[in-house]
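Lettering follows sequence order; numbering is per chain, from 1.
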There are 2 protein chains.
Amino acid sequence: MSRASALTTTSYAILGLLAVKSWSTYELTRQMDRSLGRMWPRAQSKLYEEPKKLVEYGLAEASAERVGRRPRTTYSITPIGRRALAAWLQEPGEGPVLEFEQLLKIFFAECGTKADALSTLAATRAWAKQRNEGNLAAARTYLAGEGPFQHRLAQHMLAGAFLTDFYAMVARWAEWATTMVNQWPDDPGQATPDRAAIEEIVRRATW
Amino acid sequence: MSRASALTTTSYAILGLLAVKSWSTYELTRQMDRSLGRMWPRAQSKLYEEPKKLVEYGLAEASAERVGRRPRTTYSITPIGRRALAAWLQEPGEGPVLEFEQLLKIFFAECGTKADALSTLAATRAWAKQRNEGNLAAARTYLAGEGPFQHRLAQHMLAGAFLTDFYAMVARWAEWATTMVNQWPDDPGQATPDRAAIEEIVRRATW
DNA sequence: TTCTTCATGTAATTAGTTACATGATTGA
DNA sequence: TCAATCATGTAACTAATTACATGAAGAA
C-alpha cells in the first residue's frame, strides 16, 4: 500500500489523452505509436502502469470489462483530473530534449572510416524520409476532412507542423552533411574544416 | 563481482571522448555540459559510473591521482577501446529521439487557456534563443581559430550545424505558432483550424 | 484447424536521476 | 578567515525498458 510517487510528464501526457476521450489501455498504446510517441515516446508497458497512478490520485477512473475470458480496462478522466491537467498547462514546461545517436557517430567520425560516416548519414536521411511520409499521410487525411478528433485540429496542426519542420530540417542537414563528408579524404582524421561552411553556419545562427 | 552489463550508447559516447584525449571524471562532466549533452544528455553521476564499465571491459584504463587528500581518477582509452569504437561507428545507429514537454502542452492546449498556450510558446522561444547564443559563441570561437581540438573541427562543425539548424527551426516554429494562437478565440477549445495553414504545412512536408 | 495478428497484462531488470556528502581553492 | 565555488564521489531511488506469457479473432 505504498504511496504513489509524484506525477510525471508521462502521467500528464496520458491524462491529456483521457481528456479527449476514454480509452482502453491497448488503445492508449496505439495512440502512443501514432501521435504521442513523436513528442513523448514511452514504452508500451508504461501505458499499462501509469493510468493506475492517475486512478490512485483520483484523476481518472478505471472500468473493468471482459472480452471473452480476458479483462479489459478502460480509463476515463474525472473532474479533478481536468483541473489537474489545466493546472499543469499553466506551467511553462521543459524545452525539447534531443537524443541523437547518429549525430554522436558523426561527432566521433574521425575514429571510423569515411564510408561509416556516409552510411550513418544515409540512415539519417532514410529515417527522416520515413517519418515524414507517415506525418504527411496523417496531414492529408485531416485535410480531406477525415481523421478522428476534428475538433482538436487547431492544436493537432501546431504539433504536426513542428514535426513536419523537424523532419525536413533533419533531412536537409543530412544531405548537406553528406556533401561535406564526400569532400573528405579517405581518412576522416585528415579532414580539414571548410572555412566557408563555418561562416555559413554562423550566418544561419544569426537571427 | 557481478558481470557488467552490455555497453550502451552512453558507454560509447564516453569512449568517444576518451579517444580524443584522457580526461578526469570532472572534466567529462564539463564536456557533457558543453558539447556532448546537446546530442546525448546524461546526468553527471553517470559519468562517474560508466567509465568503470569501460575499464572492466578493457576499453579504458583508470589512473588514480591525489589532489590534497582527495582522489582523482583519470581515464584513457586502450587500443582495444579504439577498435571497439571503430566497430560501433560501423553500425548505422538510431535516428533522433525527441522529448518535448512544451509541445505536449500545445498539443493539449484546448484543456487550458489561450494565455497558457502563449506563455508556453514564449518559453520555447526563450529556450531556443538561449541555446542558440551558446552555440553561436562556440562557433565564433572556432572561427577565430581558438577553441580546443582544432583537429576535430571538421566533425565538430557537422554536429554544430545540426544544432544550429535545430534551434533556428524551433524558434521559427514557436514564432509561427504564436501568430496562430493569437488568432484563437479566448477559449482554445473553440479554435478553428486554419485551412490555408494546413495546406502550407503539407507543402512544407513535400520534398 | 491451425497460424497469424490483434490485444492484454505482469515480472524482472536496468539505465538513469536525485540527493547527499565533503574536500580543495580562490577571492573578498 | 569566511563564504562561495570548484571538484570528486557514493548511495538511494525510480522511471522506464525488455522480456515474457497468453487469450481472442480472423484468415487460410
(message) Looking at A/Thr10, I'd like to know whether one of its side-chain N or O atoms comes within less than 4.0 Å of OP1 or OP2 on D/dA15.
(response) no
(message) For B/Lys21, I'd like to know if atom NZ has over 12 heavy atoms of other residues, nucleotides or ligands within 6.0 Å.
(response) yes
(request) Take B/Lys46 and A/Lys52, find for each the nucleotide of DNA chain C with the closest heavy atom, and name the residue whose nucleotide sits nearer the 5' end. (result) A/Lys52
(request) Find which nucleotide of DNA chain D each of A/Pro41 and B/Tyr48 is nearest to by heavy atoms, and output the residue with the more 5' nucleotide. (result) B/Tyr48
(request) Considering just the side-chain nitrogens and oxygens of A/Ser45, establish if one lies under 4.0 Å of OP1 or OP2 belonging to D/dT18. (result) no
(request) Let me see the working for A/Phe108 and B/Tyr12 under ring pair (Phe, Tyr, Trp, His ring centres under 6.0 Å), right down to the final yes or no. (result) CA-CA 10 Å; A/Phe108 292 127; B/Tyr12 287 107; over 10 Å; no
(message) Expressed as a whole number of angstroms, how long is the span from A/Arg69:CZ to D/dT22:C1'?
(response) 10 Å
(request) Provide, to the nearest angstrom, the distance between the CD atom belonging to B/Gln44 and the C1' atom belonging to C/dT22. (result) 14 Å
(message) Any side-chain N or O of B/Ser24 below 4.0 angstrom from OP1/OP2 of D/dA7?
(response) no
(request) Would you indicate what B/Thr29 reaches in the nucleic acid, counting non-hydrogen atoms under 4.0 angstrom: base, sugar-phosphate, or nothing? (result) nothing
(message) Can you measure B/Trp40 atom CH2 to C/dA15 atom P for me and round it to whole angstrom units?
(response) 12 Å
(request) Take atom CZ of B/Arg66 and atom P of C/dT25, then tell me their distance rounded to the nearest Å. (result) 13 Å
(request) Look at B/Lys53 and C/dG16 and indicate whether a side-chain polar atom (N or O) is within less than 4.0 Å of OP1 or OP2. (result) no
(message) Distance check needed: C/dA15 P versus B/Glu50 CD, whole Å only.
(response) 8 Å
(request) Whole angstrom is fine here: how far is it from CG in B/Leu47 over to P in C/dA15? (result) 15 Å
(request) Would you indicate whether B/Glu94, at its atom CD, is surrounded by more than 12 heavy atoms from other residues, nucleotides or ligands within a distance under 6.0 Å? (result) no
(message) Let me spell it out: for each of B/Tyr26 and B/Glu49, pick the nucleotide of DNA chain D with the closest heavy atom. Which residue's pick is nearer the 5' end?
(response) B/Tyr26
(message) Is a donor from one side chain sitting under 3.5 angstrom from an acceptor on the other, for B/Glu50 and B/Thr10?
(response) no
(request) Measure the distance from CD on A/Glu27 to P on C/dG9 and round it to the nearest whole Å. (result) 12 Å
(request) Indicate whether any N or O donor in one side chain lies under 3.5 Å from an N or O acceptor in the other, for A/Asn182 and A/Thr179. (result) no
(request) Taking only the side-chain heavy atoms of B/Ala43 (C-beta and beyond), determine which of C/dT18, D/dG9, C/dG9 contains the nearest atom. (result) C/dT18
(request) Report the distance from atom CH2 of A/Trp23 to atom C1' of C/dA7, rounded to the nearest whole Å. (result) 16 Å
(request) Tell me what B/Arg70 touches on the nucleic acid: a base, only sugar-phosphate, or nothing, going by heavy atoms under 4.0 Å. (result) base
